[in-house]
Protein chains: 2
Amino acid sequence: MTSQADWLRGTLFALAVVMTGPVLADNKPDDGKVTNFLLDNGMEVVVIPDRRAPIVTHMVWYKVGSADEPPGKSGIAHFFEHLMFKATTNHAAGAFDRAVSAIGGSNNAFTSYDYTAFYETVVPQALEQMMDFEADRMRNLILNDDVIATERDVILEERRSRIDSNPQAVLGEEVDATLWQNQPYRIPVIGWMQEMEKLNRADAKAFYDKYYTPNNAVLVVAGDVEPQAVKALAEKTYGKVARGPDLPPRIRPVEPEQNTRRTVTLADARVSVPNFSTQWVVPSYHTAKPGEAEALDLLAEILGGGSRSRLYQQLVVKQGIAAEAGAFFQGTMLDATNFTVYGAPRGDAKLADVQAAVEAEVARIASEGVTSGELEKAKDRFVRSMIFARDKQDSMANIYGATLATGGNVRDVEEWPGRIRKVTADEVRQVAARYLNLNHSTSGYLLPQTQAGN
Amino acid sequence: MTSQADWLRGTLFALAVVMTGPVLADNKPDDGKVTNFLLDNGMEVVVIPDRRAPIVTHMVWYKVGSADEPPGKSGIAHFFEHLMFKATTNHAAGAFDRAVSAIGGSNNAFTSYDYTAFYETVVPQALEQMMDFEADRMRNLILNDDVIATERDVILEERRSRIDSNPQAVLGEEVDATLWQNQPYRIPVIGWMQEMEKLNRADAKAFYDKYYTPNNAVLVVAGDVEPQAVKALAEKTYGKVARGPDLPPRIRPVEPEQNTRRTVTLADARVSVPNFSTQWVVPSYHTAKPGEAEALDLLAEILGGGSRSRLYQQLVVKQGIAAEAGAFFQGTMLDATNFTVYGAPRGDAKLADVQAAVEAEVARIASEGVTSGELEKAKDRFVRSMIFARDKQDSMANIYGATLATGGNVRDVEEWPGRIRKVTADEVRQVAARYLNLNHSTSGYLLPQTQAGN
């Protein structure tokens with residue numbers, strides 16, 4: 001039931017250089033115990049002590065993402081990532097941002113399929129002020145037609161610039177819509193243009209009142225703070241916000257059986273080097289049987305996680321046919337998730353040859369499995385990544401926030417290294433054989449315009 | 001805004017033999033005027049006089065189909081097609097069926113994306129009895145756990161036998177789920193197995209109370225009846241049923257822009273001759289700009305409607321490479337619909353060659369258009385199909401029922417031949433060029449097992 005895997009991956013990659021350097025020895029992970037409690041209004045709080053520097057990361061995670069949107073209202077979860085920075089009954093638009101800047105802090109927000117999160121990194125003395133602002137906008141946003149129209153233009157422009165003008169992003173959306181036959185992950189987080197254009201005040205008000213409540217939120221505070229002090233401040237600020245209506249369990253439409261091999265092809269004049277990806281529907285940490293998600297994480301790592309992986313070594317280093325090749329597993333999801341392999345040719349190599357070589361490695365790992373040496377090294381990297389994550393305050397906050405926002409708990413995070421250690425080589429081979437069946441896969445191809453007819 | 005097109009097509013094909021034979025001269029279409037009125041409770045009534053034989057077709061169309069189902073509840077619309085034959089507070093299960101059989105009549109029901117319909121063909125004297133039964137089950141079904149469990153087993157078995165044991169049907173479902181990236185037509189009418197298994201009494205009750213009401217139904221009576229007599233009977237029977245809650249407009253999620261070429265492949269040991277289809281998202285009679293749906297209907301007819309069509313003549317007759325090849329346009333839909341071309345090889349011909357030849361014909365019609373001779377012949381066939389439909393009581397009832405259940409009205413049906421007559425050759429070429437772009441299409445391939453790796 002844990003789901004920190006891709007946060008860990010992000011951390012792992014970000015720290016890849018550090019891992020090989022002398023900085024390694026300088027790690028001083030804080031070993032203060034993580035505290036977890038509920039406010040009376042149902043808001044969950046996690047405190048992660050980290051006293052190495054006078055800094056605090058303050059995050060609020062709402063258990064609502066794009067996969068929770070009503071039919072036809074795609075983009076509304078992400079719309080709130082924007083609307084939350086507008087005026088409230090107590091503060092002008094932008095006042096929160098300015099307050100953070102004034103004290104030399106930083107802040108931002110992000111939206112995913114399963115959650116929407118807001119965070120600030122500031123000096124500990126400013127924590128109460130952050131909580132005040134954050135508690136205020138949880139319930140006091142002014143959602144009038146003017147605000148909606150203005151900010152809707154912003155998200156429409158964001159879609160145009162980030163998706164519609166980027167062939168890789170356009171392809172990605174249609175691959176997702178093809179891979180997922182029923183589950184809401186087939187809908188882009190940013191929303192479909194034709195639905196975003198119609199989002200209105202009534203939609204926004206209904207969404208805000210339903211999901212932006214203390215009992216649907218997780219507060220994560222990491223840094224140079226005492227749990228009891230955080231609790232007192234949380235009660236003083238968030239504690240004043242009334243509990244919202246109880247939400248039903250987050251049960252969403254799930255995937256039917258997979259029976260076909262699907263492809264999605266986009267040819268575009270702006271593409272110079274083609275690439276491909278192949279995806280499979282696989283269980284996430286939240287939906288998997290015990291040990292399966294951990295085995296999928298290790299499979300992705302051994303098959304295609306970075307430059308030590310089989311795909312990189314075989315295609316990029318040995319055969320020299322690929323400019324890139326890899327694999328990843330998106331474990332941190334509430335529902336079933338995807339396992340992806342990808343590659344792009346180098347020089348005169350053909351995309352089809354790269355794909356064939358990737359598929360040969362997939363077939364090989366599914367039939368012959370992994371060596372105990374590969375497995376132990378991959379486990380070491382994963383477990384170490386957790387230690388490195390402790391060195392980065394916002395990484396830990398992200399791991400706990402994402403885990404708790406997708407149905408997991410503090411113990412899931414703490415026990416994850418132990419569960420990774422227990423995975424056997426045969427379990428890795430089994431998940432490869434069970435899930436990575438090319439006859440039930442979806443491939444995306446990005447091609448230069450001239451290859452349109454291929 | 002009319003939507004009789006595919007009913008007409010069905011009729012046209014069914015009567016293809018009649019068209020060439022001497023029976024043609026014996027047609028005595030009833031030219032009695034179609035009457036259309038509302039009961040006080042909001043139930044719409046259409047009466048189609050046809051006095052050639054002492055028979056009456058009695059249909060009730062509910063404006064609810066699988067595309068109206070709540071997320072995660074797929075199959076519930078079709079479930080009601082079954083549940084409606086179970087016990088009511090006034091009649092035992094099967095009593096309605098037995099009453100129809102006892103008087104030598106016939107009855108059945110069907111479910112589509114946009115509607116669910118129930119019908120009986122009986123002697124006119126039994127019309128009131130039919131109305132009594134039909135009005136009774138509109139509101140008085142006994143929906144207990146026992147009924148739900150028993151009938152759910154029936155629909156699950158129906159899915160297993162009709163879909164899961166038929167590779168073509170399995171492929172068809174996944175092609176639909178791929179073609180439609182957002183619109184509910186991507187979900188099979190019969191439902192996804194994992195959702196059907198969970199349909200329960202609460203779901204059924206909510207669906208029944210919301211949609212099975214007189215103000216969400218259209219009564220169509222065709223046959224040897226007087227409109228005033230039908231009105232009196234309808235008021236006496238259906239008129240007693242209380243109006244239900246007003247329903248919001250049937251506005252469903254619509255498709256995003258199409259940007260990619262997609263394929264779906266299923267290889268199965270039970271397949272001996274492979275086949276393919278290619279589909280595009282196109283407007284329906286309900287969503288099209290004036291004239292576009294009529295042009296698409298004529299395009300489908302000229303390109304691939306039967307043995308006179310270009311695809312048949314070119315691939316089956318001249319080149320001799322195809323066992324079958326054709327095209328169809330599914331015009332009778334509330335939302336955007338699909339235009340399909342298909343083919344299967346004959347003898348030693350390869351599927352890829354058949355597909356290339358079909359695509360060549362599509363490209364040719366999009367660039368060079370159709371001849372005035374082809375166009376006039378296609379129009380003649382379409383307009384005559386409407387006359388032939390008048391010769392078949394249940395065809396006319398179907399045409400009016402489907403039209404009224406998908407947002408059209410009686411005039412749309414009556415004016416359809418005139419609108420078909422007005423379509424120009426250039427309009428046919430234009431819809432081909434506008435919509436039949438292979439870079440924005442979805443192809444399905446059914447292959448023998450041995451070709452799995454192709």
Side-chain angles (χ1 to χ4, degrees), chain A residues 67-74 163-164 167 169-184 186-188 191-196 198 251-268 359 438-447 449 452-454, chain B residues 67-74 163-164 167 169-184 186-188 191-196 198 251-268 359 438-447 449 452-454:
Chain A
D68 300 296
E69 295 165 337
K73 304 294 180 186
S74 64
I163 309 290
D164 299 330
V170 169
L171 174 65
E173 281 193 347
E174 302 208 8
V175 167
D176 288 345
T178 300
L179 174 71
W180 300 107
Q181 300 190 87
N182 199 40
Q183 210 170 278
R186 67 192 166 72
I187 300 171
W192 294 119
M193 182 64 95
Q194 79 279 7
E195 295 181 356
M196 295 166 69
K198 292 185 180 163
I251 298 170
R252 303 169 181 153
V254 298
E255 280 301 289
E257 200 181 308
Q258 303 274 318
N259 296 289
T260 60
R261 180 168 190 165
R262 282 157 273 157
T263 70
V264 184
T265 305
L266 176 64
D268 190 285
E359 290 176 357
L438 283 171
N439 291 332
H440 306 162
S441 67
T442 298
S443 296
Y445 301 95
L446 188 68
L447 306 179
Q449 191 74 62
N454 281 15
Chain B
D68 299 297
E69 294 165 337
K73 304 294 180 187
S74 64
I163 309 289
D164 299 329
V170 169
L171 174 65
E173 281 193 346
E174 302 209 6
V175 167
D176 288 346
T178 301
L179 174 71
W180 300 108
Q181 301 190 84
N182 198 40
Q183 209 169 275
R186 66 192 166 72
I187 300 171
W192 294 120
M193 182 63 95
Q194 79 279 7
E195 296 182 356
M196 297 166 67
K198 293 184 180 167
I251 298 171
R252 302 169 182 154
V254 299
E255 280 299 288
E257 200 181 306
Q258 302 274 320
N259 296 290
T260 59
R261 179 167 190 165
R262 280 156 274 158
T263 70
V264 184
T265 305
L266 177 64
D268 191 285
E359 289 176 358
L438 283 172
N439 291 330
H440 305 163
S441 67
T442 299
S443 296
Y445 301 95
L446 188 68
L447 305 180
Q449 192 75 61
N454 280 13

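Numbered from 1 within each chain, the chains take letters A, B, ... in sequence-line order.
A side-chain donor-acceptor contact under 3.5 Å links B:Glu195 and B:Ser74. The closest side-chain donor-acceptor pair between B:Asn439 and B:Gln258, if any, does not fall under 3.5 angstrom.
For the options B:Leu179, B:Thr263, B:Asp164, heavy-atom pairs under 4.5 Å to chain A are most numerous at B:Thr263. Highest contact tally toward chain B, considering only A:Met193, A:His440, A:Glu173, A:Glu255, is held by A:Glu255 [criterion: heavy-atom pairs under 4.5 Å]. No other option in A:Leu171, A:Asp268, A:Val254 has as many heavy-atom pairs under 4.5 Å with chain B as A:Val254.
Contacts of A:Gln181 with chain B are made by both backbone and side-chain atoms, with heavy-atom separations under 4.5 Å. Heavy atoms of A:Glu257 lying under 4.5 Å from chain B belong exclusively to its backbone. The contact between A:Gln194 and chain B is made entirely by side chain atoms (from C-beta outward), counting heavy-atom distances below 4.5 Å. Proximity to chain A is absent for every atom of B:Gln183, based on heavy atoms less than 4.5 angstrom apart.
Residues B:Thr442 and B:Val175 meet the side-chain proximity criterion, which asks for heavy atoms closer than 4.5 Å.
Remark: side-chain polar atoms of A:Arg262 are paired, donor with acceptor, to backbone N or O of A:Thr178 under 3.5 angstrom.
Shortest non-hydrogen contact noted between A:Pro253 and A:Pro184 is O-CD, 3.6 Å.
Considering CG of B:Leu266 and CD of B:Glu174, their distance stands at 7.5 Å, rounded to 0.5 Å.
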